[in-house]
Amino acid sequence: MLNNFLNKLALNFKKAELKFKEWKYIFPDFLFFFLSSKKKSNSSSIIFVGTVMHGRIARIAKWIKREDNRMLILVCSENGFAHKLSNDSFDNVYLFRNKWHLKKILHNLDHSTNIFHLFGPPYIAAYEAVKEVKLGFKVFDYQDLMITNFGLTPPFNYMKNELIKEEIILKTVNGIVNHSLELQAAKKYYGKINAKKLFFPNYTDNDFFQLKKKTLNNEIHLVYVGSIHSAYRNKDYFGGTQLHWLIKTLNEQKIHLHIYPAPTNLKEHIVDYIEMDKSLPYFHLHESISQSDLSKELVNFDFGILPFFHRTNKKSDNKRIYSTTLKMFNFFEAGLPIIIGEDVNFQNFMANKYGGGIKASWDDFHHLKPLIEKNNYESLVNSIEKKRNNLSLKNKINKLLDFYNLIGEE
């Protein structure tokens, strides 16, 4: 109990420290915004605007740069930018300190020839962009939507504010890039959304393809990549990424589990896992790793896992039914078949498109070796290697560029 209290205290202190950093310059930035004049630019740019850096954004930007001669610009929060999720594709990167600093940046970039590719949640940056940008065309890119967590009655005040922003964004932008199917649930709450829409799953990144060995050894090694959270966090929301149950059951089955936390995970998020890594022989906690190096690491394991179930948290079932995750495509880039919880419908659908998914029940995860033995490992790996090129960013990026052009012609 004492450790939980101290960990909560450390996390709250970290949040307060970041909030102080945000507010430290708010008054001078407020003055600078109102006193400065708008700069002119004749260049045509694609401007990515978001609060927290998402891994898919840099991947998309890289392939756009290979097909399009427009400048690429990133606008992101200082506190939300992670170098391990970025790359060198952006010609300019602007990191904002607070809302007024962000407004100043957007004010100078607002030109009729520019496409603003907004992303979230969280929505501080995207929301300010839909208010401030008057001349450029706005596209909203989402993987997750806030509304699919708890509907219109979330348990946290900040989520209630985010829902207001989310609805305004969805109903204001010119186009929506759907990486998942969560907009289907959102429309039940928000009503009609008139923006043009593009279905554009994350897809695999050809630069990261690895050739995988096609046989299994006596000891099985599973790998998970992404956000994890300690047990003291709110289970209603974070329960899906509190993987203590999985670590313990796999350790009892003598199946190795490797976890690479997301670059955005703070130490306070993973204190439990540090302790379990010391005490459980079949659990291995690694350092987070950049997107550019990830597949070279993942290729050493046997299966990726997506261990998500309705029972682990109180989010709406819509979240798991319609959601997607970038880690699925990271696994396929490394040639790994994926063991997937049966409750995540869209993720199972996409995995089957690549021919590399094994649907697993809750009971299956507690008796995993029989399920693994039912499947032909070589056939799974061969299917992934055959299909991942067609369903890749290299072959699909022009769908997004055509969508930009369609929006720009309105």
Side-chain angles (χ1 to χ4, degrees), residues 1-16 18-19 51-55 79-80 82 85 120-123 142-163 166 180 182 185 223-250 257 259-277 283 285-286 288 305-328 340-341 343-344 347 362 365:
M1 291 294 291
L2 178 61
N3 283 341
N4 284 348
F5 173 76
L6 292 175
N7 290 327
K8 285 183 180 180
L9 191 65
L11 183 58
N12 288 333
F13 180 79
K14 177 74 73 173
K15 290 179 178 178
L18 294 175
K19 183 60 68 174
T51 306
V52 172
M53 189 62 182
H54 295 171
N79 295 334
L85 295 177
Y123 294 124
Y142 79 89
Q143 179 173 294
D144 298 290
L145 290 175
M146 193 65 69
I147 191 69
T148 54
N149 287 316
F150 301 101
L152 292 171
T153 56
F156 310 113
N157 286 330
Y158 84 90
M159 282 190 175
K160 295 174 184 176
N161 294 328
E162 289 287 276
L163 290 180
E166 184 171 85
S180 71
E182 292 191 27
V223 62
Y224 174 88
V225 178
S227 294
I228 53 175
H229 290 91
S230 290
Y232 72 86
R233 304 300 301 278
N234 180 287
K235 293 190 185 332
D236 292 355
Y237 184 72
F238 293 108
T241 50
Q242 292 170 328
L243 300 182
H244 310 70
W245 68 271
L246 180 67
I247 293 167
K248 291 174 183 176
T249 187
L250 292 179
L257 174 61
I259 290 183
Y260 290 82
T264 51
N265 267 139
L266 301 174
K267 183 180 179 181
E268 291 79 7
H269 295 154
I270 63 173
V271 287
D272 299 2
Y273 304 89
I274 294 171
E275 293 304 313
M276 285 188 286
D277 178 58
F283 174 57
L285 181 66
H286 299 262
S288 64
I305 53 168
L306 300 175
F308 305 126
F309 292 94
H310 296 322
R311 68 177 68 195
T312 59
N313 59 79
K314 292 187 178 180
K315 289 182 181 179
S316 165
D317 290 352
N318 287 330
K319 173 56 72 176
R320 285 165 296 279
I321 290 170
Y322 293 117
S323 67
T324 191
T325 176
L326 181 58
K327 61 179 68 70
M328 173 190 300
I340 310 177
D343 292 342
V344 284
Q347 293 175 42
W362 178 264
F365 268 102

Residues, nucleotides or ligands: over 12 heavy atoms within 6.0 Å of Lys314 NZ: no

Any donor-acceptor N/O pair, Ser316 side chain to Gly151 backbone, under 3.5 Å: no

Thr312 vs Trp245 side-chain heavy atoms within contact, under 4.5 Å: yes

Backbone of Gln143 reached by a side-chain donor or acceptor of Ser180 within 3.5 Å: yes

With His54 via ring pair (Phe, Tyr, Trp, His ring centres under 6.0 Å) - residues at least two apart: Phe119

Donor-acceptor contact below 3.5 Å, side chain Glu162 vs main chain Pro121: no

Interatomic distance, Asp343 atom CG to Ser323 atom OG [nearest 0.5 angstrom]: 10.5 Å

Shortest non-hydrogen separation from Thr51 to Pro122 and the atoms involved: OG1-O, 3.5 Å

Test item: Pro261 and Leu285 side chains (from C-beta on) under 4.5 Å apart, heavy atoms: yes

Heavy-atom donor-acceptor pair, Tyr273 side chain to Leu243 backbone, under 3.5 Å: yes

Residue list, side-chain contact (heavy atoms from CB on, under 4.5 Å) with Asn161, at least two apart or on another chain: none

Sequence neighbours excluded, every pair satisfying side chain to side chain donor-acceptor pair (under 3.5 Å) that has a member inside residues 144-153: Thr148-Glu182, Thr148-Lys319

Any donor-acceptor pair under 3.5 Å from Tyr260 side chain to Pro263 backbone: no

Close side-chain approach of Ile228 to His244, heavy-atom, < 4.5 Å: no

Tyr123 (side chain) donor-acceptor with Leu163 (main chain) under 3.5 angstrom: no

Validation row: Asn265, His229 side chains within 4.5 angstrom (heavy atoms): yes

Ile305 and Leu257, any side-chain heavy atoms less than 4.5 Å apart: yes

Full working for side-chain contact (heavy atoms from CB on, under 4.5 Å) between Leu145 and Tyr322: CA-CA 10 Å; Leu145 290 175; Tyr322 293 117; over 6 Å; no

Parallel, tilted or perpendicular: ring planes of Phe156 versus Tyr237, cut at 30 and 60 degrees: perpendicular

Residues in ring pair (Phe, Tyr, Trp, His ring centres under 6.0 Å) contact with Phe283, at least two apart in sequence or another chain: none

All side-chain contact (heavy atoms from CB on, under 4.5 Å) counterparts of Thr325, not counting sequence neighbours: Leu306, Lys327, Met328, Gln347

Results of side-chain contact (heavy atoms from CB on, under 4.5 Å) for Lys160 - residues two or more places apart only: Pro154, Asn157

Gap separating the NZ atom of Lys235 from the OG1 atom of Thr241, nearest 0.5 angstrom: 10.5 Å

Flag, side chain of Arg320 to backbone of Lys315, donor-acceptor distance under 3.5 Å: yes

CG on Leu250 to CD1 on Ile247, rounded to 0.5 Å: 8.5 Å

